[in-house]
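These numbers come from the heavy atoms of this one structure, side chains and all, not from hydrogens, waters or symmetry mates. Worth saying up front: this structure is predicted, and the values here are computed from it rather than measured. Numbering of ligands and ligand atoms starts at 1, following listing order.
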Amino acid sequence: MKRDLISINDLSREEIEGFFDIADCLKRDNARFGNILSGKSLALIFQKPSNRTRVSFEVGMYQLGGHVVYLGPGEINLGVRESIKDVAKTLSRYVNGIVLRTFAHKNVIELAGYADVPVINGLSDFSHPCQGLADIYTVKEKLGKTQGITFAYVGDGNNVCNSLLFACSKSGIHINVATPKGHEPDKGVLAAARRAAKLARCKVNLFNDPFSAVKGADVIYTDVWASMGQEKEAIKRRKIFKKFQLNKKLASLANKNVLIMHCLPAHRGEEITDDVIDGPNSVVFDQAENRLHVQKAILIKLLKGDK
Ligand code: CP
Ligand code: NVA
């Protein structure tokens, strides 16, 4: 039975820890699993731009002995030149796994439904599971644990926020989410996160005031105010989110050694200031590095068992 990675909500805490254990081995010793994916190919269908996701998957496959086929916007033209079903069926005859970066989340679900090989969500408008997993791996690496720590997400209740809600609530991390009114995360995600949090003995709290959300936080995380596909709203959003900027004043209300996190790309001077993202508490490039280790772990788990 093939396994996909569509949403962190589909994973158990044990599965998440399992990815982290493999990532730990790989981070300590790059050659630990040798060319374990030798002879395997991975297709990357990207309908949006990317630096980290594309490069970390390409380099990750290379380091594991495998091979990547990059299919940028306009090449496959998913659902336009060819139906998602036909793309899924065709690629399944060539490759051992598919990463899809797309707009509508239902595209990922549809592709996974028709593909005979594992499908990994490389970001949709709804979620960004590879990012969320690498982020919690980074928190665990820096703080030595996840249970009981307080994580504040400040900004837009977007795809990254949704994945962090799933990842934190499954990992025993209290998560405070502060957004302007009307930009709260998806209601269904909040409900699922609250259910998971109950099991993992942690809390999910919503705020419309960033200052209350970061009080006592061990981590402050932010992301862009206008995600890919929302460029036309950027000017309007700059006004709406102004109070939610992660600057020195906001960071000073959190714990002294607070970790400053951002998935990148950052719009410096908008959602985060230079002094904070470049400051001593920032771990943004560790997060970016950990995308590589965690995704290699995901690739090993998902691709190793198939044809
Ligand atoms: N964080 C992240 O996914 O970066 P890219 O959009 O550059 O891949
Ligand atoms: N929320 C951002 C994340 C980019 C990695 C976006 O979707 O553009």
Side-chain angles (χ1 to χ4, degrees), residues 5-8 42-61 68 70-73 98-108 120-139 153-167 177-180 183-186 189 219-238 240-241 244-246 259-268 270-272 277 282-296 298-299:
L5 176 55
I6 312 274
S7 168
I8 296 175
L42 182 72
L44 302 183
I45 308 176
F46 276 42
Q47 300 187 302
K48 297 180 179 182
S50 171
N51 171 4
R52 283 145 289 272
T53 308
R54 177 179 176 181
V55 177
S56 54
F57 269 114
E58 290 214 16
V59 171
M61 274 302 275
V68 162
Y70 176 74
L71 300 157
I98 305 169
V99 179
L100 175 60
R101 169 165 283 204
T102 189
F103 291 88
H105 187 67
K106 66 174 171 38
N107 293 345
V108 190
I120 298 171
N121 177 1
L123 182 146
S124 69
D125 287 353
F126 174 72
S127 66
H128 195 3
C130 299
Q131 183 70 53
L133 289 171
D135 293 338
I136 301 312
Y137 178 78
T138 307
V139 168
Y153 177 94
V154 176
D156 188 21
N158 61 14
N159 46 6
V160 170
C161 178
N162 287 341
S163 289
L164 290 169
L165 274 161
F166 290 136
V177 176
T179 70
H183 294 272
E184 290 86 0
D186 182 272
V189 173
V219 179
I220 310 180
Y221 196 116
T222 194
D223 183 17
V224 291
W225 293 336
S227 286
M228 291 180 276
Q230 297 176 325
E231 289 80 5
K232 285 202 181 107
E233 294 174 37
I235 295 174
K236 192 176 94 192
R237 282 172 170 264
R238 246 173 252 154
I240 298 172
F241 285 87
F244 292 77
Q245 184 184 64
L246 177 44
L259 300 180
I260 299 295
M261 301 185 75
H262 192 307
C263 57
L264 304 176
H267 293 165
R268 287 164 173 260
E270 288 189 23
E271 77 275 2
I272 192 161
I277 198 168
S282 173
V283 296
V284 300
F285 298 112
D286 298 302
Q287 287 174 257
E289 179 189 332
N290 285 336
R291 293 288 303 276
L292 175 68
H293 308 300
V294 171
Q295 286 164 200
K296 282 169 74 181
I298 292 167
L299 289 168

Between [X] and [Y], do the side chains contain an N or O donor and an N or O acceptor separated by less than 3.5 Å?
X	Y	result
T222	E271	no
D286	Y137	no
N121	S127	yes

Please list the nearest protein heavy atom to [atom] with its residue and the distance rounded to 0.1 Å.
atom	value
atom 7 (O) of ligand 2	N159 ND2, 2.8 Å
atom 8 (O) of ligand 2	M228 N, 2.8 Å
atom 3 (C) of ligand 2	D223 OD2, 3.7 Å

Quick one, V68 and F57 - any side-chain contact, counting heavy atoms below 4.5 Å? no
Would you mind reporting whether V99 and F46 have side-chain heavy atoms less than 4.5 Å apart? yes
Which protein residues have a heavy atom under 4.0 Å from ligand 1? S50, N51, R52, T53, R101, H128, Q131, C263, L264, R291
Are R54 and Y70 in a cation-pi setup, meaning NZ or CZ lies under 6.0 angstrom from the ring centre and within 45 degrees of the ring axis? yes
Is R101 in polar range of ligand 2, meaning some N or O pair under 3.5 Å apart? no
Residue that, paired with D125, satisfies side chain to side chain donor-acceptor pair (under 3.5 Å) out of Q230, K48, H105, K106: K48
Taking only non-hydrogen atoms of L264 and a 4.0 Å limit, the atoms of ligand 2 in range are 5 (C)
Could you list the residues that satisfy salt bridge (Lys or Arg N to Asp or Glu O under 4.0 Å) with D186, not counting sequence neighbours? none
